[in-house]
Enquirer: 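Attaching a single structure in structure tokens format; questions to follow.
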2 protein chains.
Amino acid sequence: MRAHGTDGGVAQAVFRRFNALRPLSDEDTAALEHAILEGLLRAGPGEDLITEGDRIDSVRLVLSGWLFRHKTLEDGRRQIVNFILPGETCDSHAYLLSTIDHSITAATPVAYADIKRVRFEQLMAANRTLAEAFMCETLLSSAIQREWVINLGRRAAFERVAHLFCEIFERLRPVGMVDGNSCALPVTQMDLADATGLSVVHLNRTIQELRASGLIVLKDRTLTISDLEALKNAAMYSPNYLQLYRAK
Amino acid sequence: MRAHGTDGGVAQAVFRRFNALRPLSDEDTAALEHAILEGLLRAGPGEDLITEGDRIDSVRLVLSGWLFRHKTLEDGRRQIVNFILPGETCDSHAYLLSTIDHSITAATPVAYADIKRVRFEQLMAANRTLAEAFMCETLLSSAIQREWVINLGRRAAFERVAHLFCEIFERLRPVGMVDGNSCALPVTQMDLADATGLSVVHLNRTIQELRASGLIVLKDRTLTISDLEALKNAAMYSPNYLQLYRAK
DNA sequence: GCTGCCCATTAGCTTATGTTAAAGCGGTCG
DNA sequence: CGACCGCTTTAACATAAGCTAATGGGCAGC
């Protein structure tokens, strides 16, 4: 039947990712899988999973599809502060806070598992490895957030977009969502603009530049990175922050 | 003698902050205070507490002084990704990751407590409230990081600097480090520029503008906010993300 | 097969911010 | 006391990125 996380089970991406954070025993895997299968849900593109100001009472794991976290200023300026990719977690532990400071919206059709707080806390209490893996998930998401700060603060548009593409590729790779040197990029240029702090027009100009320099091909929502090392150089990409942590 | 956290004990700021996150019982307070007093240390301005790539094996609590987290690109461009203010924590739980993705440097003379991992884990295991408070500390720091992303991505220089000043003021307030409508701002304009993603020259221009508009006085490393509400309006400051969380 | 809509693209112009350089302004060290 | 040093401030100029507007392409619905 469903081998734990090794074949096409619905939660394959989650298991791959967690195993990169902390090697999971069969028992860990089974416990997590149980919790996941109890709360399977779906959302369509544009649907909000969480709106700024909401209270949260569960933890969600993305099984497939893309979402993004975003914040909006009074006058409508929007910033995407992160993408949430298959295998990643929305706000583990965030139920500890009174309300959430940002919104989460599906960019594509999404399948996710909703684990209620009580259930989640049982799982954490009963299983040290899983607790550590979820903690790493939270820490890693912070590390990404910090990298976005330097991306927005100190990289020029060309480097910035190049960096985003490198990061997305490297985040999709461990969950098996890349195919050779290509991956899906199922978001509009407006979304990419809001993620990089650029205007749509300038984002488009920048993408044309990236194309012209032969670093990428972007067509039909598929990103192909012709030469990843070259793209990383152009982006001044530092691999450290994304490292998946085998060792304790 | 030293009343727990209410008088001038060295860890006053820490206790004030933790109490805002989770009300601490006398027992909680005593346990935390013990751990703090075992590992008191100091650092001078410019001293690195952690350098990108280090392994971490302890948790540090800032008792007094300012530090900043920063990352630097190959070519020297530097971005301060956050300040660490009195009462705040450097990287609780970060020992779970293999290496750290950024550096932490003292901006002023700093007094801090260094709690070794093993000790910290004992404390967490023995004391649920403290564990939750440390978790909130981590989550709150993520929320701040997200706000910095929108600050850098979508606010213009004037709003951006105004926002930083509002945030710093609101972070210093609960630990008793503001005096009326003034607080210390013990960093150079170069640091502020690196925190806001601006050039020093433009940061200076922006500060002149803020002065000219009567919103702030900045002199001798002291920031005075003439009208906090007006400054918040100018910054499109949204208070939600910093809320200190009484309620579960 | 036309209409409308969303998204990508391009052009022309405006502006915020960066860059370089120089001067002012305390401190402090010798 | 004078020279240096780190920091702030100002000026003049350069440029990356924003804004507005128009066009084009693909796709869905009528």
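Note on naming: letters A, B, ... go to the chains in the order of the sequence lines (proteins, then strands), and numbering restarts at 1 for each one.
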Enquirer: Using whole Å, what does the distance between atom C1' of nucleotide D/dG18 and atom CD of B/Glu159 come to?
Expert: 14 Å

Enquirer: For C/dT17, does either OP1 or OP2 sit under 4.0 Å from a side-chain N or O belonging to B/Arg155?
Expert: no

Enquirer: Can you check whether B/Leu185 reaches B/Arg221 side chain to side chain, under 4.5 Å on heavy atoms?
Expert: no

Enquirer: Would you mind reading off the distance between A/Arg77 atom CZ and C/dA16 atom C1', rounded to a whole angstrom?
Expert: 13 Å

Enquirer: Indicate whether OP1 or OP2 belonging to D/dT9 is found under 4.0 Å from a side-chain N or O atom of B/Asn204.
Expert: yes

Enquirer: Take the angle between the ring planes of B/His163 and B/Tyr241 and call it parallel below 30°, perpendicular above 60°, tilted in between.
Expert: parallel

Enquirer: I want to confirm an ordering. Mapping A/His202 and B/Gln189 to their closest nucleotides on DNA chain D, which one lands closer to the 5' end?
Expert: B/Gln189

Enquirer: Which of the following nucleotides, C/dT20, D/dT9, C/dT10, is nearest to the side chain of B/Gln208?
Expert: D/dT9

Enquirer: How far does CG of A/Leu203 sit from CD of A/Gln189, to the nearest 0.5 angstrom?
Expert: 5.5 Å

Enquirer: Take atom CG of B/Leu218 and atom P of D/dT8, then tell me their distance rounded to the nearest Å.
Expert: 9 Å

Enquirer: Can you tell me the distance, in whole Å, between the CD atom of B/Glu209 and the C1' atom of C/dA16?
Expert: 10 Å

Enquirer: With a 4.0 Å cut-off on heavy atoms, is B/Val200 in touch with a base, just the backbone sugar-phosphate, or nothing at all?
Expert: nothing

Enquirer: Using a heavy-atom cut-off of under 4.0 Å over every strand shown, decide if B/Ser199 touches base, sugar-phosphate, or nothing.
Expert: base

Enquirer: C/dT9 P sits how many Å from A/Lys219 NZ, rounded?
Expert: 10 Å

Enquirer: Any idea which of D/dT10, C/dT10, D/dA17 is nearest the A/Val201 side chain?
Expert: C/dT10

Enquirer: Tell me whether the OP1 or OP2 atom of D/dT8 has a side-chain N or O from B/Arg221 closer than 4.0 Å.
Expert: yes

Enquirer: Please state how far atom CZ in B/Arg205 lies from atom P in D/dA12, giving the value in whole angstrom units.
Expert: 12 Å

Enquirer: Quick one: on DNA chain C, does A/Met190 or A/Gly153 contact a more 5' nucleotide (nearest heavy atom)?
Expert: A/Met190

Enquirer: Nearest whole angstrom, please: distance from the C1' of D/dC19 to the CG of A/Leu203.
Expert: 15 Å

Enquirer: Can you name the nearest heavy-atom pair linking B/Ala106 to B/Gly44, along with the distance?
Expert: CB-O, 3.4 Å

Enquirer: Tell me which one of A/Arg69, A/Arg60, A/Arg55 satisfies salt bridge (Lys or Arg N to Asp or Glu O under 4.0 Å) with A/Asp91.
Expert: A/Arg69

Enquirer: In this structure, how many angstroms lie between the C1' atom of C/dT9 and the CD1 atom of A/Ile207, rounded?
Expert: 11 Å

Enquirer: Does D/dT9 have OP1 or OP2 under 4.0 Å away from a side-chain N or O of B/Arg211?
Expert: yes

